[in-house]
Amino acid sequence: MKHETHQNQIISAKLFNSQRYIHSLIVYFLFFGSGLVIGISLTFYLKDVPITLKKKLFTIQPSPPLIVPPKSRPPPSPPLHQEQGVAMNSNIKRKIPGVGRIGLTDYIKPPEAMHDMMDDELIWRASMVPKAKIFPFNRTPKVAFMFLARGSLPLAPLWERFFKGYEGRYSIYIHSQPSFKGDAPEEGPIFHGRRVPSKRVDWGEFSMVDAERRLLANALLDMSNERFVLLSEACIPLYNFTTIYTYIMNSTKTFVESYDEWGPVGRGRYNSQMTPWVTIEQWRKGSQWFELDREIALDMITDQKYFNLFKDFCRPACYSDEHYLPTFVTMRYWWKNGNRTLTWVDWTKGGPHPTKFSRTEVTRELLHQMRTGIQCMYNGEPTSMCYLFARKFLPSALDRLLKFAPKVMMFG
């Protein structure tokens, strides 16, 4: 009886252990299956998640920065334009340590005539035009006197008397041949440092137009220059500075001589390859010596269409300095051009060069003839004051010109 009872207890224990083992196995199987399902699902999910998001999901984020108490926190760095000395609000000026105020002074200061810019860089810089018509600073309009010379200015002492006392109303620019070494004892202080970077210029070649544009571009760098006069080393003023300044500044026209010449030295120089951009009916001739306003000067230095057309198709015996600007101005600014030059020249002897005047040929009568010898129109009214300058005077004429200047030209 005891034996059977003991045997039954052993069987019950084995049965209990067997059921417990099966229960554990089922639990383990369920855990394994759940993990397997989760793993497979996660794998398929991560295939569609962008890489940047995966990095964010599985990258440990750094701890947040330490917050500095307000009293010890350094001031925030100013924006870039404030670092350069300009306040966000134009009405608020802030002193920035170590940085001086950056205003208009340096920008409007007339630049040095000599610089290291190439022609294309110079034209790019000179063509910058402010859109605002009202100047936010005191400005006296100036006349730019541009001398296209071979070397020095032998008549400089006469011009010095002409300019004396009128500083701030004129600018001087000199384009000499690169071979010129700078030895010009006759030139006084007002001409020192006024030579611009130059290139070789040959008579009758397109390089003459290049030089004119180079002078204009340099003069345009000074925003106070309003009118631009091209002169040579053989030119003289026929009136005093006040008269010439007033005449030019008050004029409603610019002065580029332009006319239609039917002969061999006019239309005869026209190249039909310029058609249709410039027709023979639009072809003009005129004096090289011009006076321009700022608008035309800017348009001339940036012109590529007609500039390249004349460079390619107007070659000797076509002289671009006699045709390019007269044609250009007539086509684009006919309504604001006076169609005459301000520089008196004598062509009566014929030939490719005008008359030259030496010492013995300079008389009061000659100067009076240059000043009042013809009639023309000025601002819609007839006048005998048509020429402000004259050429072609040799260096030997200087002493006679200095003698007559106070009595005839009323200066010096």
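Since this is a predicted model, take the numbers as computed values, not measurements.
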Checklist entry - Cation over ring, Arg340 on Phe255, under 6.0 Å and within 45°? => result no

Next on the checklist: Using only atom types and a distance under 3.5 Å, with no angle test, would you say the side chain of Tyr247 pairs donor to acceptor with the backbone of Met385?
Outcome noted: yes

Checklist entry - So, Arg269 and Glu261, do they make that salt bridge, N to O below 4.0 Å? => result no

Checklist entry - Within the distance-only criterion (no hydrogens, no angle test), does the side chain of Asn379 pair as donor or acceptor with the backbone N or O of Asn250 below 3.5 angstrom? => result yes

Checklist entry - Taking the six-membered ring of Tyr245 as reference, does the NZ or CZ atom of Arg169 fall below 6.0 Å from its centre and within a 45° cone about the axis? => result yes

Taking only distance into account, with no hydrogens and no angle test, what donor-acceptor pairs under 3.5 Å do side-chain atoms of residues 135-152 form with protein atoms, sequence neighbours excluded?
residue : atom : partner : partner atom : Å
Arg139  : NE   : Met223  : O            : 3.1
Arg139  : NH2  : Met223  : O            : 3.0
Arg139  : NH2  : Glu226  : OE2          : 2.3
Lys142  : NZ   : Ser171  : OG           : 3.2
Lys142  : NZ   : Asp222  : OD2          : 2.6
Arg150  : NH1  : Glu233  : OE2          : 3.4
Ser152  : OG   : Glu186  : OE2          : 2.6

Checklist entry - When the ring centroid of Phe328 is compared with that of Trp283, is the distance short of 6.0 Å? => result no

Checklist entry - How far apart are the C-alpha atoms of Leu309 and Phe307, what are their side-chain angles, what is the distance that settles it, and do they pass the side chain to side chain contact (heavy atoms under 4.5 Å, CB included) test? => result CA-CA 5 Å; Leu309 194 66; Phe307 178 81; over 6 Å; no

Item to check | Lys NZ or Arg CZ of Arg315 over Phe206 ring: under 6.0 Å, within 45° | outcome: no

Checklist entry - Has the side chain of Asn225 got a donor or acceptor atom that lies under 3.5 Å from a matching backbone atom of Ala219? => result yes

Item to check | disulfide bond (SG atoms under 2.5 Å apart) contacts touching residues 375-412 (sequence neighbours left out) | outcome: Cys376-Cys386

Checklist entry - Under 3.5 Å, side chain of Asp293 to main-chain N/O of Ile296, donor-acceptor pair present? => result yes

Item to check | Side-chain donor or acceptor of Asp303 paired with backbone N/O of Lys305 under 3.5 Å | outcome: yes

Checklist entry - Short question: side chain of Tyr239, backbone of Arg371 - any donor-acceptor pair under 3.5 Å? => result yes

Item to check | Whether Glu205 side chain and Asp202 backbone form a donor-acceptor pair below 3.5 Å | outcome: no

Checklist entry - Between Thr242 and Tyr166, do the side chains contain an N or O donor and an N or O acceptor separated by less than 3.5 Å? => result yes

Checklist entry - Is the Trp203 ring parallel, tilted or perpendicular to the Tyr319 ring (thresholds 30°, 60°)? => result tilted

Next on the checklist: Ring-plane angle category for Tyr333 and Trp335, please: parallel below 30°, perpendicular beyond 60°, tilted otherwise.
Outcome noted: tilted

